[in-house]
Amino acid sequence: MTTNHASRTPISSQSLKDFALAVRMDVMRVLLVLLLLSQICSAKTKRTSKPKPRGTLQFIYYVEDPDGRLAREAARIHNYTALRAWLDDPAHAPAAWQKEVRVDLNGDGRPEVFLLIYEHGHFADYSMFTQVRGQWRYIGGASYGGEAPARLARARGRWHDFSLDITGSRNRLVRHYYQWDPGAQEYEESYEITIRPMERMGDEP
């Protein structure tokens with residue numbers, strides 16, 4: 001019995017190397033095309049998309065206010081009529097500090113009004129209001145230590161800087177400076193300086 005075997009042509013090692021090289025070149029061409037396409041798409045995205053805002057760290061505090069007292073208090077601080085009515089109530093009569101302080105901060109001849117919010121040992125917190133077309137508008141807060149606010153020569157627009165002196169513990173005197181913020185349309189405390197340092201305790205050398 002005779003068996004016929006199909007003739008096989010041997011593959012040389014050089015042919016295998018050529019084939020491998022050809023496949024490698026094809027793969028490199030495909031990768032190059034994909035890289036160019038990805039760069040084109042990325043460039044288009046940068047031109048059309050808006051820049052993403054940078055992330056910011058936020059602290060969120062939750063305060064329980066079941067009866068709404070804190071919410072009413074916060075609203076009262078910024079409302080002249082509500083704060084005035086609250087101060088006129090005998091139940092909220094100030095213990096040591098003036099209910100209001102007046103000083104003309106913008107030079108229009110009509111003084112701005114500081115209304116008491118909170119009393120502390122050496123000072124009190126006040127809300128400041130000005131009249132605009134017959135309506136009272138909140139223009140910031142300040143800490144008052146008993147001495148009248150001193151209007152300064154420097155001004156932003158028509159609003160003058162001012163300072164307030166507060167006497168603290170052991171006769172320490174601190175001067176707080178306030179300036180007008182045109183963006184917020186309010187006064188902000190800019191800095192403070194110590195006019196008189198604390199006195200030494202009696203038992204200190």
Side-chain angles (χ1 to χ4, degrees), residues 59 61-199:
F59 295 93
Y61 299 92
Y62 295 93
V63 179
E64 293 185 0
D65 187 21
D67 59 356
R69 180 181 61 83
L70 295 178
R72 292 192 299 272
E73 185 176 294
R76 183 173 63 242
I77 289 173
H78 297 83
N79 187 297
Y80 176 89
T81 303
L83 186 54
R84 170 69 74 184
W86 185 79
L87 288 171
D88 289 341
D89 186 340
H92 304 129
W97 297 95
Q98 300 169 246
K99 286 198 301 185
E100 70 175 71
V101 179
R102 292 175 175 264
V103 58
D104 185 3
L105 295 174
N106 58 10
D108 65 354
R110 295 177 300 175
E112 277 58 57
V113 177
F114 293 48
L115 292 182
L116 177 66
I117 311 171
Y118 305 114
E119 291 184 284
H120 307 282
H122 298 283
F123 66 96
D125 292 328
Y126 286 74
S127 285
M128 299 183 290
F129 297 91
T130 189
Q131 273 196 315
V132 180
R133 292 185 290 275
Q135 300 293 322
W136 288 99
R137 186 170 68 82
Y138 175 82
I139 56 171
S143 297
Y144 172 75
E147 297 292 333
R151 194 180 82 177
L152 307 176
R154 182 178 179 182
R156 288 162 177 77
R158 57 196 179 95
W159 295 97
H160 287 261
D161 293 7
F162 68 93
S163 64
L164 287 166
D165 290 350
I166 296 178
T167 303
S169 60
R170 287 190 278 164
N171 206 30
R172 178 173 182 254
L173 180 63
V174 178
R175 181 163 296 164
H176 298 257
Y177 289 87
Y178 294 82
Q179 64 182 22
W180 182 254
D181 183 347
Q185 290 291 293
E186 293 180 5
Y187 273 100
E188 300 286 348
E189 183 175 357
S190 55
Y191 63 97
E192 63 180 50
I193 60 174
T194 298
I195 303 298
R196 184 174 62 240
M198 286 185 179
E199 295 178 350

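If you read the sequence from its start, that first residue is 1, and numbering goes on from there. Just so it is clear, the structure is predicted and the values come from calculations on it, not from any experiment.
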Would you sort out whether F114 and V103 count as a side-chain contact (heavy atoms from CB on, under 4.5 Å), showing the intermediate values? CA-CA 8 Å; F114 293 48; V103 58; 3.4 Å; yes
Please work out which of the three classes, parallel, tilted or perpendicular, describes the rings of [Y] and [X], given edges at 30° and 60°.
{"X": "Y187", "Y": "W159", "answer": "perpendicular"}
{"X": "Y138", "Y": "F129", "answer": "perpendicular"}
{"X": "W97", "Y": "Y144", "answer": "perpendicular"}

Decide, yes or no, whether a salt bridge links D181 with R156 under the criterion of side-chain N to carboxylate O below 4.0 Å. no
Criterion side chain to side chain donor-acceptor pair (under 3.5 Å) on Y80 and Q131, from CA distance to verdict: CA-CA 10 Å; Y80 176 89; Q131 273 196 315; over 6 Å; no
About how many Å separate NE2 of H176 and CD1 of I193, when rounded to the nearest 0.5 Å?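 Rounded to the nearest 0.5 Å, the CD1-NE2 separation comes to 10.5 Å.
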With Y178 as partner, the option from S190, P149, S143, S163 fulfilling side chain to side chain contact (heavy atoms under 4.5 Å, CB included) is S143
Quick one: closest heavy-atom pair of [X] and [Y], and the distance?
{"X": "P94", "Y": "K99", "result": "CG-CG, 3.3 Å"}
{"X": "F162", "Y": "R151", "result": "CB-CA, 4.1 Å"}
{"X": "L115", "Y": "R84", "result": "CD2-NH2, 3.7 Å"}

If you count the non-hydrogen atoms of other residues, nucleotides and ligands that lie under 6.0 Å from CD in Q185, is the total more than 12? yes
